[in-house]
Amino acid sequence: MRLILALIMLLTPAMATAQAAATLVADSVFVPAGGQSLVATGNVEVFFDGTRMSAQSITFDQATDTLIIEGPIFIVASDGTILTADAANLDPQLENGILRGARLVLNQQLQLASSQINRVEGRYTQLYQVAATSCHVCANGDAPLWEIRARRVVHDSEERQLYFDDATFRVAGVPIFYLPRMRLPDPTLERATGLLIPGIESTDNLGLGIKLPYFIRLGDHRDITLTPYLSTSTTTLEAAYRQAYLNGDIEISGAITNDDLVGGTRGYLFANGIFDIGQDVTLRFDVEYTSDDDYLLEYDYSDKDRLDSEISIERIRDRDFLIASVTYYSSLRDGEQSATLPPLLADLNWERRITPDWGGTLTFTSDMQSHYRETSNDITGRDVARLGYGVNYRRDHITNYGLVIDGDAGFDLDFYNVNDDSTVGDTLRATTYVQTSLRYPLIRQSARATHVLEPVLQLAWSDVSGGDVTNEDSIVSEFDQANLISLSRFSGEDAVETGLRAAAGLTWTRVGNAGWDSTLTVGRVFRDSSDTNFTTTSGLSGTASDWLIAGQLLTPAGLTLNSRLVVADDFDVTKAETLARWSGAKLALEAGYIFLPEDVAENRTENVSEWTIDAGYRFNDTWSMGLDARYDVISNGPSETGLEIGWQNECVTVDFSVSRRFTTSTTLDASTDFGLSVGLNGFSAGRTVDSSAHRCTQ
């Protein structure tokens, strides 16, 4: 017969003062002669303040206020901590006492086996003669892959820390190193001061080295990670700082180096932040600095070849927006001088939209832009400031026959102030434009798919009056499906499309019921006269542009394909790009191809033809591999290759990587880099892995 008793309320007034009552369930409960104790036997379970305990028998001794428990004992605390033991003497609150032949399991990851466990004040768990590991422990006595043997371990459940005395780290039972004192976070603690996973690296330029990251928790909302990097050629200290505020956050990373590559001190600093400063206003900043052109690439901090530091303020509302920014550029490219980029750029944009009673949308714009070069040389040191105003009216209409008509008309006024250029002066330029486009979508639905065929035709005219403007921000222009029907296909404001022109396109979209979706766009632009601001390889020069062909494909098997071609009348490919992605249960694959012809006007002195591939494959729960590569078709050789191999089980994660950069410059040589990191799972909440456990031998 199973009995349910409220032990504390029935047995002793001292226990009756407890804040919560304990509930006991057992096959048999009786009070021996004398009435000073209570015995529960057979499938005993006790519930107290979120803690659950099961045992073979429990004897409550009222004289000593003690629970004498016979095992096997299984205790699950309210925080998920698990205790097992052969026998125990505990107080009724399960907060103080001794467990013998015990095992402590934290967060279902880290297990600590000991000869004896003492519970103190419900906060501290003291373990003696301890073996700690997150590896599967075999019943045949085989040593786990790794373990920490210690004379004593104290677990602080409030601070969520583990303190080891006389600790020895062992691999497959073999002692590796000894530490008299050691502190590690328990698996439930996400942010704790301490050593992170070390990494071993080897590069052709820096030699063999080791990184020892140390995480410092500065509070609930900020932290810093310091990483000494020591190798045969460098002594480097890396740092990463993070802080979160109620209205934003900042991140700062950097390093300071003394190496024998340049024989001096080197370093870099990257910082960024975002803040909501009220009234729908957002402040952003981004700082990028490096001591020399090769440092970021040599140390694998970044592959950027131009650094940009920017501070901006933006306010975006339903009917208006305001964006102001100041950016400083620094070039790391061979043969490019930062002083002539220009390095300093200031920009201010404002836009307001209103809806008149007669319909349509009126848009008012104002923008200011200024760029400054550090040199004052004539022409190459040209500084320009521009102030612009604009008004635009747009209206759309759908006829009863389904024809979609939209139209724009507008006027822009720009004033240019130019310094350090004797060939041009201050200029006032006015631009008037009007355009209309016609669309006639045709829809057909079948049992397998829905088809949409949409022909589109645009007619546009614009005229510019005033002085000439030096084109600096519209040298590079792309021709794609996004700007096929566009009033201007220039990327900036200095160049303006003029004259009468037309654009015609046809888009076919198929949405399949079985998951096969596709889109194909074909289009072309016609002009009454050619525009010399477009380069020969843009596909937009001449009175008739090249043909734009763009398509997308999505299959139910997970394959995504995006491709764009710009093709001349003689079928020569002007530009091409293709990107394919596929992801399956074990394999993820991404491949791309790009072709750009030589164009000095776009600072491209030779053809670009390159393949890229990025693949990842998981063989099973233990092994995985990743591969990435860039192949230069023009030079008929690879530009970069990389290989990553990962191995993990329930207690260890090993990552090995090797990469090769084949490109060289006047100051940078080709390099091969190796990396190795080994992580012990079980001492961090972020190191949980879902993998198969080690198999024990029979």
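In this chain, residues are counted from 1 in sequence order. Atom set for the values below is all heavy atoms of this structure, side chains included, hydrogens, waters and symmetry mates excluded.
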Exercise. How about Thr234 and Tyr299: does a side-chain donor come under 3.5 Å of a side-chain acceptor?
Worked result: yes
Problem set entry | Main-chain N/O of Asp473 paired to Ser491 side chain as donor or acceptor, under 3.5 Å | yes
For this session: Could you tell me whether the side chains of Thr672 and Arg660 share a donor-acceptor contact shorter than 3.5 Å?
Result: yes
For this session: Verify, without hydrogens or angle tests, whether Thr375 (side chain) and Gly381 (backbone) share a donor-acceptor contact under 3.5 angstrom.
Result: no
Under 3.5 Å, sequence neighbours excluded: what are the donor-acceptor pairs made by side chains of residues 274-283?
unit_1 : atom_1 : unit_2 : atom_2 : d
Asp276 : OD1    : Gly278 : N      : 3.1
Asp280 : OD2    : Arg317 : NE     : 3.4

Exercise. To the nearest 0.5 Å, what is the distance between CZ (Arg284) and CD1 (Ile311)?
Worked result: 12.5 Å
Exercise. Counting only heavy atoms not in Arg581, do more than 12 sit closer than 6.0 Å to its CZ atom?
Worked result: no
Exercise. Is there a side-chain hydrogen bond (donor to acceptor under 3.5 Å, both in side chains) between Ser671 and Asp673 once you walk through the steps?
Worked result: CA-CA 7 Å; Ser671 175; Asp673 302 341; 3.0 Å; yes
Exercise. In Å, rounded to the nearest 0.5 Å, how long is the span from CG of Leu237 to CG of Leu230?
Worked result: 9.5 Å
Exercise. Atom CG of Asp204 and atom OG of Ser233: how far apart are they, to the nearest 0.5 Å?
Worked result: 10.5 Å
For this session: Can you establish whether the number of heavy atoms outside Leu246 located under 6.0 Å from its atom CG is more than 12?
Result: no
Exercise. Who pairs with Tyr328 by ring pair (Phe, Tyr, Trp, His ring centres under 6.0 Å), at least two apart in sequence or on another chain?
Worked result: none
Problem set entry | Trace of the side-chain hydrogen bond (donor to acceptor under 3.5 Å, both in side chains) decision for Tyr241 with Asp223 | CA-CA 6 Å; Tyr241 176 81; Asp223 54 57; over 6 Å; no
Problem set entry | Minimum heavy-atom distance Ile634-Asp632, with the two atoms named | N-OD1, 3.0 Å
Problem set entry | Donor-acceptor under 3.5 Å (Asp383 side chain, Arg373 main chain) | yes
Problem set entry | Donor-acceptor contact present, side-chain Glu493 to main-chain Ser474, <3.5 Å | no
Problem set entry | Backbone N/O of Trp647 and side chain of Thr622: donor-acceptor pair under 3.5 Å | no
Exercise. Do Tyr593 and Phe595 have ring centres separated by under 6.0 Å?
Worked result: no
Problem set entry | Separation of Leu296 CG from Glu288 CD (nearest 0.5 Å) | 8.5 Å
For this session: Please state whether the rings of Trp146 and Phe169 are parallel, tilted or perpendicular, taking 30° and 60° as the class boundaries.
Result: parallel
Exercise. Should the heavy atoms of other residues, nucleotides or ligands under 6.0 Å from CD1 of Ile613 be counted, would the total exceed 12?
Worked result: yes
Exercise. Is a salt bridge present between Asp220 and Arg217, judged by a nitrogen-to-oxygen distance below 4.0 Å?
Worked result: yes
Seminar exercise, completed: Contacts of Tyr617 meeting ring pair (Phe, Tyr, Trp, His ring centres under 6.0 Å) (sequence neighbours excluded), chain-then-number -> Phe619
For this session: Apply side-chain hydrogen bond (donor to acceptor under 3.5 Å, both in side chains) to the pair Thr133 and Glu147, showing each step before the final yes or no.
Result: CA-CA 5 Å; Thr133 184; Glu147 64 179 335; over 6 Å; no
Problem set entry | Donor-acceptor contact present, side-chain Glu650 to main-chain His136, <3.5 Å | yes
For this session: Output the distance between atom CG (Leu344) and atom OG (Ser338), rounded to the nearest 0.5 Å.
Result: 12.5 Å
Exercise. Pick one: which of Tyr229, Tyr301, Tyr268 meets side-chain hydrogen bond (donor to acceptor under 3.5 Å, both in side chains) with Glu238?
Worked result: Tyr301
Problem set entry | Asp259 versus Thr257, side-chain donor and acceptor atoms under 3.5 Å | no
For this session: Let me know which of Asp165, Leu127, Thr168 forms a side chain to side chain contact (heavy atoms under 4.5 Å, CB included) with Arg151.
Result: Asp165
For this session: Compare every heavy atom of Asp655 with every heavy atom of Gly646, then report the nearest pair and how far apart it is.
Result: CA-OD1, 3.9 Å
Exercise. Within the side chain of Asp494, is there an N or O that forms a donor-acceptor pair under 3.5 Å with the backbone of Glu472?
Worked result: yes
Problem set entry | Heavy-atom closest contact (Leu206 atom, Ser231 atom, distance) | O-OG, 2.8 Å
Problem set entry | Donor-acceptor contact present, side-chain Arg618 to main-chain Asn620, <3.5 Å | yes
For this session: Examine distances only and state if a side-chain atom of Asp156 and a backbone atom of Glu159 form a donor-acceptor pair shorter than 3.5 Å.
Result: yes
For this session: Might you confirm whether atom CD of Glu374 has over 12 heavy atoms from other residues, nucleotides or ligands at distances under 6.0 Å?
Result: yes
For this session: Could you walk me through whether Phe285 and Ile250 pass side-chain contact (heavy atoms from CB on, under 4.5 Å), step by step?
Result: CA-CA 9 Å; Phe285 70 87; Ile250 60 173; 3.7 Å; yes
Exercise. If you round to the nearest 0.5 Å, how far is CZ of Arg266 from OG1 of Thr290?
Worked result: 7.5 Å
Problem set entry | Residues, nucleotides or ligands: over 12 heavy atoms within 6.0 Å of Arg242 CZ | no
Exercise. So, Asn607 side chain and Glu598 main chain: donor-acceptor pair closer than 3.5 Å or not?
Worked result: yes
For this session: Indicate whether any N or O donor in one side chain lies under 3.5 Å from an N or O acceptor in the other, for Gln161 and Tyr163.
Result: no
